[in-house]
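These notes are about the structure you will find just below.
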Amino acid sequence: MEGIRERQQRILKLDKIRQMGVNPYPYGFSRSHAIGELTEKHSELIEKEEEVLLAGRIMAMRGHGHTSFGDIKDNTGRIQFYIKDEKVTESDFKLFKLLDIGDFIGIKGVLFKTRTEELTVRVKEIELLSKSLLPLPEKYHGLQNKELRYRRRYLDLIVNDDVMDIFIKRSQIIDSMREYLKERRFLEVDTPILQSLYGGASARPFTTHHNSLGIDLYLRIADELYLKRLVVGGMERVFEFSRDFRNEGMDRSHNPEFTMMECYAAYWDYNDMMKFLQDMIASICNGLYGGYKITYGEYEIDLKPPWEKKTFFGALEEKTGIDLKNADKKELEKAALEKGLALEKGLSRGSLLDLLFSELVEPELIQPIFITDHPIEISPLAKKHREVDGLVERFEPYIAGFEIANAFSELNDPLDQRRRFEEQVREKEKSAGEFHPVDEDYIMALEHGLPPTGGLGVGIDRLVMLLTNSHSIRDVILFPQMRPEEGRD
RNA sequence: GGGCCGCUAGCUCAUCAGGUAGAGCACCUGCCUUUUAAGCAGGUGGUGACAGGUUCAAGUCCUGUGCGGCCUACCA
């Protein structure tokens with residue numbers, strides 16, 4: 001066990017504190033101010049010698065015999081306190097001597113400035129609010145070890161302010177997106193996480209079991225099909241912040257559980273959705289930073305609308321010099337080989353196009369851009385393009401090389417939807433040998449009539465990465481998936 | 001899945017050719033009435049991730065396992 005000796009020391013102190021008749025774990029404390037407020041109001045408070053009541057965690061202590069300095073920290077800031085034996089009761093000073101870095105305390109005192117002009121609280125009374133038994137990480141270097149930072153995120157948050165800042169921003173981003181949607185009359189809904197049939201994306205699900213029903217259930221990989229059922233039901237604009245689960249590999253941009261915001265609007269098409277998304281992202285960014293320019297790694301990115309637009313095949317043509325819109329498998333394979341891409345055998349036309357695009361085009365999409373009008377093979381839930389055969393009305397915005405969303409004019413022709421599902425099933429069974437039944441219940445819903453609808457899914461974790469200059473999804477998820485420490489078996 | 005790297009005190013890190021482990025912070029004792037990575041003097045603390053091998057001798061070399069990181073591949 002870590003810190004065992006220090007822990008024993010602290011337990012001894014705990015006993016002494018109890019012997020003084022002090023409860024080391026009391027029930028609350030009334031603060032007059034958050035620490036952060038003091039910086040703004042300090043001149044007035046100093047002048048009036050007004051007493052303040054502050055609470056926080058002790059982050060540092062510097063003892064000097066009859067006096068001591070220390071720092072306490074709350075959610076809003078950090079402030080130095082100064083305690084002098086003659087100025088507090090004997091028992092308060094005795095209690096103070098039994099405190100450690102990491103303990104929560106409440107103090108009553110007045111503000112002053114030290115000779116180095118540092119704002120400081122002169123302690124009049126001190127109260128222990130919670131005794132800590134284990135030591136905090138080193139005060140100067142903080143907690144560096146990434147494994148420990150992820151496994152004991154609470155320590156990471158205590159010690160690394162920039163980490164706290166990222167998660168505050170994450171919350172602000174979600175708040176402002178939610179607000180943006182609600183202002184535009186979108187209704188927030190909850191749909192099932194446990195689904196008896198998964199759909200809305202192509203990914204392997206996590207499987208679980210319901211005992212009393214005696215059936216296997218899946219954790220959702222997307223909530224798309226449920227939200228569109230609600231549009232059928234007359235909820236014209238709906239959205240959900242959805243925790244989705246995909247049983248796939250993990251890396252810098254994939255965690256097995258992640259957050260999507262999906263929204264659907266009746267009578268919108270993908271052009272409406274494009275404008276909506278770009279304005280929403282820009283507005284979130286502006287709310288966060290008061291502007292549209294952000295830094296991501298080596299890139300300066302400008303999110304100011306309007307964003308560039310390129311069709312899927314147009315972007316490919318720029319890279320290959322060939323219009324691949326009507327290319328068959330052979331021609332696509334040839335183009336891929338010419339560009340030096342390694343090909344597995346038996347790739348479908350859709351997979352080939354996908355491969356060409358992600359290898360040749362994606363990495364260069366740094367400034368915000370909409371890639372539109374994808375091939376129909378890789379978009380089973382999108383409506384056929386109104387002008388061009390073989391394409392669908394779909395867009396994916398890319399920023400800093402990330403695909404941050406996916407949207408379409410939703411396919412609402414039930415007979416077409418059935419054909420597309422059946423095509424998918426054939427593909428899947430051919431390539432992966434997986435059984436993947438058609439969602440008959442969803443088709444039935446479509447047969448009752450889905451109005452023309454625009455749909456959008458935004459990858460929240462990736463958006464947060466982008467807006468906080470984070471380079472791993474683990475840095476924007478509080479408790480990323482880890483293997484258990486004890487190993488398996 | 002593949003490659004490379006890491007795992008030494010609670011934390012951050014050393015330990016040049018294999019010779020029985022060291023610093024700073026934290027902690028303990030003492031001194032210190034404006035310090036701020038406080039200072040000074042002294043001290044506690046390690047089955048060196050785990051298991052095996054080579055060797056008179058292994059933190060150090062070798063093999064395996066575990067966990068993690070980075071890169072790469074896969075994944076709409």
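So that the names make sense, note that chain A is the first sequence line, chain B the second, and so on, each numbered from 1. Just so it is clear, the model here is predicted, and its values are computed rather than measured.
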- Message: I'd like the P distance from B:rC27 over to B:rG66, given in whole Å.
- Response: 38 Å
- Is it true that A:Y296 and A:H471 have ring centroids separated by less than 6.0 Å? yes
- Message: Can you list every stem that RNA chain B is part of, counting only runs of 3 or more consecutive Watson-Crick or G-U wobble pairs with both distances under 3.5 Å?
- Response: B:1-7 with B:66-72, B:10-13 with B:22-25, B:27-31 with B:39-43, B:49-53 with B:61-65
- Item | Atom-to-atom span, CZ of A:F408 to P of B:rA76 - whole angstrom | 13 Å
- Query: Is A:K146 touching bases, backbone alone, or none of the nucleic acid, heavy atoms closer than 4.0 Å?
  - Reply: sugar-phosphate
- Task: Go along nucleotides 23-32 of chain B 5' to 3' and tag each nucleotide: B for a protein heavy atom under 4.0 Å from its base, S when only backbone or sugar atoms are that close, - otherwise.
- Result: -BBSSS---B
- Side-chain donor or acceptor of A:R62 under 3.5 Å from a matching atom on the base of B:rU35? yes
- Whole-Å distance, A:Q144 CD to B:rC7 C1', equals 16 Å
- Which atom of A:L128 lies closest to which atom of A:F104, heavy atoms considered: CD1-O, 3.4 Å
- Message: What is the distance, to the nearest angstrom, from the CZ atom on A:R122 to the P atom on B:rU34?
- Response: 12 Å
- A:N145 has an atom CG; how far is it from atom P of B:rA49, in whole Å? 14 Å
- Query: Cationic tip of A:R229 within the cone over A:Y226's six-membered ring, i.e. under 6.0 Å and within 45° of the normal?
  - Reply: yes
- Assign A:E86 to base, sugar-phosphate, or nothing according to its heavy-atom contacts below 4.0 angstrom with the strands shown. base
- Task: Between B:rG18 and B:rC56, how far apart are the P atoms? Round to whole Å, please.
- Result: 15 Å
- Task: Would you indicate what A:R474 reaches in the nucleic acid, counting non-hydrogen atoms under 4.0 angstrom: base, sugar-phosphate, or nothing?
- Result: sugar-phosphate
- Task: Indicate whether OP1 or OP2 belonging to B:rA76 is found under 4.0 Å from a side-chain N or O atom of A:S202.
- Result: yes
- Task: For the side chain of A:F112, starting at C-beta, report the closest nucleotide among B:rU34, B:rC74, B:rA76.
- Result: B:rU34
- Is the gap between the ring centers of A:F81 and A:F69 under 6.0 Å? no
- Message: In whole Å, measure the gap between the P atoms of B:rG59 and B:rU20 for me.
- Response: 10 Å
- Euclidean distance, atom CZ of residue A:R483 to atom C1' of B:rC7 [Å, nearest integer]: 16 Å
- Expressed in whole Å, how much space separates the C1' atoms belonging to B:rG45 and B:rC11? 14 Å
- Do you know which of A:D475, A:D461, A:D165 makes salt bridge (charged side-chain N to carboxylate O under 4.0 Å, His left out) with A:R170? A:D461
- Message: Under 4.0 Å, counting only non-hydrogen atoms across every strand here, what does A:R246 touch: a base, just sugar-phosphate, or nothing?
- Response: nothing
- Message: When the P atoms of B:rA9 and B:rA14 are compared, how many Å lie between them, rounded to an integer?
- Response: 13 Å
- Nucleotide B:rU35, atom C1' - distance to CD of A:E117 in whole Å: 15 Å
- Message: Tell me if the side-chain of A:Q80 makes a donor-acceptor pair with the base of B:rU35, cut-off 3.5 Å, by modelled atom types.
- Response: yes
- Item | Salt-bridge criterion met for A:K131 and A:D100 (N-O under 4.0 Å) | yes
- Task: Consider the side chain of A:D251, meaning its heavy atoms from C-beta on, and name the nucleotide among B:rA73, B:rC71, B:rU35 that approaches it most closely.
- Result: B:rA73
- Message: side-chain contact (heavy atoms from CB on, under 4.5 Å) for A:F402 and A:L365? Distances and angles first, verdict last.
- Response: CA-CA 8 Å; A:F402 280 121; A:L365 303 176; over 6 Å; no
- Message: On RNA chain B, compare the nucleotides closest to A:G249 and A:R252; which residue's is nearer the 5' end?
- Response: A:R252
- Message: Distance check needed: B:rG6 P versus A:L148 CG, whole Å only.
- Response: 18 Å
- Nucleotide of B:rC67, B:rU12, B:rU33 approaching A:K84 most closely (side-chain heavy atoms): B:rU33
- Does anything in residues 352-379 of chain A pair up under salt bridge (charged side-chain N to carboxylate O under 4.0 Å, His left out), and if so which pairs, sequence neighbours excluded? A:K319-A:E364, A:R349-A:E377
- Task: In whole angstrom, give me the gap between the P atoms of B:rG64 and B:rG6.
- Result: 16 Å
- Message: Please confirm whether the ring centroid of A:F408 lies under 6.0 Å from the ring centroid of A:Y270.
- Response: no
- Does the base of B:rU35 carry an N or O that pairs as donor and acceptor with the side chain of A:T114 under 3.5 Å? yes
- Task: Pick the P atom in B:rG48 and in B:rG10, then give their distance to the nearest Å.
- Result: 12 Å
- Query: What does A:H254 touch in the nucleic acid at a heavy-atom separation under 4.0 angstrom: a base, only the sugar-phosphate, or nothing?
  - Reply: base
- Task: May I have the distance from A:M250 (atom CE) to B:rG1 (atom C1'), rounded to whole angstrom?
- Result: 15 Å
- Message: From the set B:rG68, B:rU12, B:rU35, return the single nucleotide nearest to any side-chain atom of A:L143.
- Response: B:rU12
- Message: Using a 4.0 Å heavy-atom cut-off, does A:P380 contact any base of the nucleic acid, only the sugar-phosphate backbone, or nothing at all?
- Response: base
- Query: Quantified in whole Å, what is the P atom distance between nucleotide B:rA51 and nucleotide B:rU47?
  - Reply: 12 Å
- Message: Can you confirm whether A:K94 is buried at NZ, in the sense that more than 12 heavy atoms of other residues, nucleotides or ligands lie under 6.0 Å from that atom?
- Response: no
- Aromatic ring proximity A:Y264/A:F239, centre distance under 6.0 Å: no
- Does any donor atom in the side chain of A:R394 or A:S379 lie under 3.5 Å from an acceptor atom in the other side chain? yes
